[in-house]
Amino acid sequence: MNSKIILVNIFRWFLLLFIQILLLRNLSFYSLATPFVYILFLLLLPFKIPNLLLYLIAFATGLTLDAFYDTLGVHTAACVALAFVRISFITVTVNKDNFDEPEPTLGNMGFKWFSIYAILCTFAHHLVVFFLETFRLTEFSYTLLRCLLSAIFTLFLIILIEFIFYNRKAR
């Protein structure tokens with residue numbers, strides 16, 4: 001990786017965590033839909049990042065958010081689960097050896113691939129967050145509803161952000 005990609009990702013990490021902690025922390029619709037836009041940072045990390053480094057970055061990102069949300073490791077576990085789903089999905093769908101694109105963005109990969117990728121990773125993240133937060137199965141349907149609505153809200157914001165910074169590559 002070159003230094004430009006590293007600097008862009010450091011800036012992206014600070015910006016998305018800043019937005020999440022200061023702007024979106026208290027944004028909730030009837031305690032059903034809470035956006036977690038910070039996961040976009042983990043989604044947009046380069047393809048060729050080593051798996052161990054990805055897990056460490058996911059752990060640090062979740063730990064940072066846990067420090068501000070006082071959630072005792074919920075976001076840390078969710079970010080590590082997201083990293084696992086990301087690695088699995090990219091391994092199955094992309095041949096990284098013959099691939100020119102550095103990042104899995106909407107402009108590089110196309111709408112269909114990016115949408116499936118974002119949906120799987122977001123739902124995995126939100127399932128872990130909300131079920132660890134609730135930590136009981138008596139409210140299973142309510143927790144699943146919160147997970148679904150929050151994931152839809154988060155996906156809407158992620159796709160919106162990606163379209164704002166959309167950079168179409170010539171194929």
Side-chain angles (χ1 to χ4, degrees), residues 1-2 4-25 27 33-69 71-94 96 99 101-111 113-133 147-148 150-167:
M1 275 190 282
N2 62 21
K4 180 184 177 206
I5 292 174
I6 292 171
L7 289 175
V8 165
N9 281 306
I10 290 172
F11 176 73
R12 188 181 291 152
W13 187 80
F14 279 111
L15 180 67
L16 287 172
L17 281 178
F18 177 79
I19 289 170
Q20 183 67 45
I21 292 166
L22 295 179
L23 298 177
L24 300 177
R25 180 178 181 185
L27 180 67
T34 306
F36 294 113
V37 176
Y38 78 95
I39 65 172
L40 182 62
F41 165 73
L42 295 172
L43 294 176
L44 296 181
L45 284 172
F47 281 117
K48 295 190 179 192
I49 190 167
N51 292 345
L52 179 62
L53 183 59
L54 178 63
Y55 281 122
L56 289 174
I57 290 171
F59 184 83
T61 302
L63 199 61
T64 303
L65 210 66
D66 282 330
F68 286 99
Y69 273 62
T71 49
L72 299 174
V74 170
H75 290 280
T76 304
C79 286
V80 171
L82 185 146
F84 175 76
V85 171
R86 173 197 149 99
I87 290 168
S88 302
F89 184 78
I90 288 175
T91 302
V92 169
T93 60
V94 175
K96 292 191 280 188
F99 200 67
E101 306 300 336
E103 302 179 321
T105 62
L106 179 67
N108 291 341
M109 300 306 293
F111 184 77
W113 187 92
F114 185 81
S115 296
I116 294 169
Y117 169 66
I119 287 169
L120 286 175
C121 290
T122 303
F123 276 119
H125 175 270
H126 283 52
L127 279 172
V128 172
V129 164
F130 289 114
F131 277 104
L132 283 180
E133 184 180 276
C147 175
L148 179 67
S150 294
I152 290 170
F153 189 28
T154 302
L155 283 167
F156 173 75
L157 291 177
I158 285 174
I159 299 292
L160 183 69
I161 290 169
E162 278 295 299
F163 271 121
I164 289 171
F165 297 106
Y166 186 70
N167 185 14

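These numbers come from the heavy atoms of this one structure, side chains and all, not from hydrogens, waters or symmetry mates.
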Self-check item: Main-chain N/O of Pro104 paired to Asn108 side chain as donor or acceptor, under 3.5 Å
Solution: no
Quiz item: Which value, rounded to the nearest 0.5 Å, describes the distance between Leu17 atom CG and Trp13 atom CH2?
Solution: 5.0 Å
Practice problem: Using side-chain contact (heavy atoms from CB on, under 4.5 Å) as the criterion, list what pairs up with Val80, not counting sequence neighbours. | Solution: Tyr55, Phe59
Exercise. Would you check, one step at a time, whether the test side chain to side chain contact (heavy atoms under 4.5 Å, CB included) holds for Leu45 with Leu53?
Key: CA-CA 11 Å; Leu45 284 172; Leu53 183 59; over 6 Å; no
Self-check item: All side-chain contact (heavy atoms from CB on, under 4.5 Å) counterparts of Ile164, not counting sequence neighbours
Solution: Leu160
Quiz prompt | Separation between SG of Cys79 and CG of Leu63, rounded to the nearest 0.5 Å | solution = 10.0 Å
Exercise. Using the test side-chain contact (heavy atoms from CB on, under 4.5 Å), find all partners of Ala77 that sit at least two apart in sequence or belong to another chain.
Key: Val128, Leu132
Quiz item: For Phe18, does the CZ atom sit with more than 12 other heavy atoms under 6.0 Å from it, leaving out its own atoms?
Solution: no
Quiz item: Going by heavy atoms in the side chains, are His75 and Phe68 under 4.5 Å from each other?
Solution: no
Practice problem: For the pair Glu162 (side chain) and Gly107 (backbone), establish whether a donor and an acceptor sit closer than 3.5 Å, ignoring hydrogens and angles. | Solution: no
Quiz item: What do you reckon, is CZ of Phe84 surrounded by more than 12 foreign heavy atoms closer than 6.0 Å?
Solution: no
Cut-off 3.5 Å, no hydrogens considered: what does the side-chain donor-acceptor table look like for residues 114-127, sequence neighbours left out?
unit_1	atom_1	unit_2	atom_2	d
Ser115	OG	Phe111	O	2.7
Tyr117	OH	Leu43	O	2.6
Tyr117	OH	Arg86	NH1	2.9
Thr122	OG1	Ala118	O	2.6
His125	NE2	Tyr38	OH	2.7
His126	ND1	Thr122	O	2.9
His126	NE2	Thr154	OG1	3.1

Practice problem: Determine the interplanar angle of the Phe89 and Trp113 rings, folded into 0 to 90°, and report it as parallel if under 30°, tilted if 30 to 60°, perpendicular if over 60°. | Solution: tilted
Practice problem: Any chance you could measure Leu40, atom CG, to Thr105, atom OG1, to the nearest 0.5 Å? | Solution: 10.0 Å
Quiz item: So, do Phe153 and Leu27 sit near enough that their side-chain heavy atoms are less than 4.5 Å apart?
Solution: yes
Quiz item: Does some side-chain heavy atom of Ile158 sit less than 4.5 Å from a side-chain heavy atom of Ile161?
Solution: no
Quiz item: Hey, does Met109 have a side-chain heavy atom less than 4.5 Å from the side chain of Phe47?
Solution: yes
Quiz item: How close do Val129 and Val74 get, heavy atom to heavy atom, and via which atoms?
Solution: O-CG1, 3.5 Å
Self-check item: Pairing residues for Thr71 by the side-chain hydrogen bond (donor to acceptor under 3.5 Å, both in side chains) criterion, not counting sequence neighbours
Solution: Asp66
Exercise. Please tell me if the side chains of Leu16 and Thr61 come closer than 4.5 Å, counting only heavy atoms from C-beta onward.
Key: no
Quiz item: Tell me, which pairs form a salt bridge (charged side-chain N to carboxylate O under 4.0 Å, His left out) where one or both residues lie in residues 5-22, sequence neighbours left out?
Solution: Arg12-Glu103
Quiz item: Nearest 0.5 Å, what's the CG-CD1 distance between Leu42 and Ile49?
Solution: 9.0 Å
Quiz prompt | Atom pair CD1/CG of Ile5 and Asn2 - distance to nearest 0.5 Å | solution = 4.0 Å
